[in-house]
Amino acid sequence: TMRGEFDLAVAAPHFARAAQLDRGMVPLVMFEPRINALLVAPADTRLAESADVRGKAVAFANPTSLVAMYGLQWLQQQKLEAGKDFEVKAARSDMGVGRMLLSGEAAAAIMSNGEMRALPVDESARLKVVDVFARIPNFIVLAHPRLPRERVAQLKTQLKDFLVSHEEGLAFGRATGFTGIVDADDTVLRELDPYVALTRRAMGYPN
């Protein structure tokens with residue numbers, strides 16, 4: 001996407017904002033609803049709030065995800081600094097997070113509601129949501145600026161109609177939990193700006 005190889009791209013919101021600012025990609029639409037960012041722990045633990053992770057290990061399903069960035073910022077606001085007040089552990093997959101929690105390798109995890117749903121039922125049933133600490137923007141569809149303006153407008157209309165007017169769209173909504181596809185909102189896009197520098201570093205792009 002950053003090299004301009006695609007006419008259209010579906011991206012996590014922080015990657016989409018970086019592509020917009022640095023490569024001129026045009027945000028068309030975004031998915032709804034927002035993503036719940038969760039602090040999760042084993043159901044039988046006494047961990048009841050963010051302060052309880054002090055001195056413990058916290059697992060992240062994907063340390064470069066926007067949920068992880070929101071989570072680290074949220075913990076920092078609680079006076080909890082990664083690497084000093086708690087240990088960051090990265091899992092290789094969504095299922096790896098569940099095993100880390102249930103085996104005692106990590107005391108808590110930062111994950112999205114989608115990542116939570118991806119866990120095997122026998123694992124998720126033994127976990128609890130300690131806190132829903134943020135509701136973050138969902139995926140964004142981008143267009144390359146080389147596309148004609150009329151084509152971009154047509155694509156926006158087709159995408160916004162997809163979930164409600166097509167059999168495939170209805171099935172897609174049921175499978176993913178998406179409830180809507182709406183115009184990419186400038187206010188939401190600006191909300192992502194504090195995470196752009198971190199995103200650039202994660203991608204290996206200085207600007």
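Side chain of Thr157 to main chain of Ala153: a donor-acceptor pair is present (N/O by atom type, distance under 3.5 Å, no hydrogens or angles). Of the possible polar contacts, one joining the His144 side chain to the Arg146 backbone as a donor-acceptor pair under 3.5 Å is found. Side chain of Asp185 to main chain of Thr187: a donor-acceptor pair is present (N/O by atom type, distance under 3.5 Å, no hydrogens or angles). Remark: side-chain polar atoms of Arg135 are not paired, donor with acceptor, to backbone N or O of Ile35 under 3.5 angstrom. Formation of a donor-acceptor pair under 3.5 Å by the Asn138 side chain with backbone atoms of Pro33 is found in this model. Within the 3.5 Å criterion, the main-chain N or O of Leu189 finds a donor-acceptor partner in the side chain of Arg17. Not a single donor-acceptor pair under 3.5 Å links the side chain of Gln73 to the backbone N or O of Tyr70. A donor-acceptor distance shorter than 3.5 angstrom exists from the side chain of Asp52 to the backbone of Glu49, with no hydrogens or angles considered. In this structure, Lys128 contributes its side chain and Thr45 its backbone to a donor-acceptor pair below 3.5 Å.
Contact of the Pro137 side chain with the Leu192 side chain is registered, since non-hydrogen atoms from C-beta on lie closer than 4.5 Å. Under the 4.5 Å side-chain criterion, counting only non-hydrogen atoms from C-beta, Val29 is not in contact with Val182. Using a 4.5 Å heavy-atom threshold, the side chains of Leu170 and Leu163 count as separate. Residues Glu87 and Val58 form no side-chain contact, since every pair of their non-hydrogen atoms from C-beta on lies 4.5 Å or further apart. Between Trp74 and Asp131, the closest side-chain pair of non-hydrogen atoms falls below 4.5 Å.
Here the closest non-hydrogen pair linking Phe15 and Thr64 is CZ-O, 4.2 Å. Contact detail for Ser50 and Gln78: the closest heavy-atom pair is OG-CG, 3.5 Å. Here the closest heavy-atom approach between residue Gly71 and residue Ile110 is recorded as CA-CG2, 4.2 Å.
Atom CE of Met111 sits about 4.5 Å away from atom CG of Leu119, to the nearest 0.5 Å. The CZ atom of Phe86 sits 10.0 Å away from atom CZ of Arg54, with the distance rounded to the nearest 0.5 Å.
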Where do Glu105 and Lys89 land on the salt bridge (Lys or Arg N to Asp or Glu O under 4.0 Å) test, with the steps shown first? CA-CA 9 Å; Glu105 189 176 346; Lys89 288 204 169 185; 3.7 Å; yes

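Using a 30° and 60° split on the angle between ring planes, Phe31 and Phe178 fall in the parallel class, below 30°.
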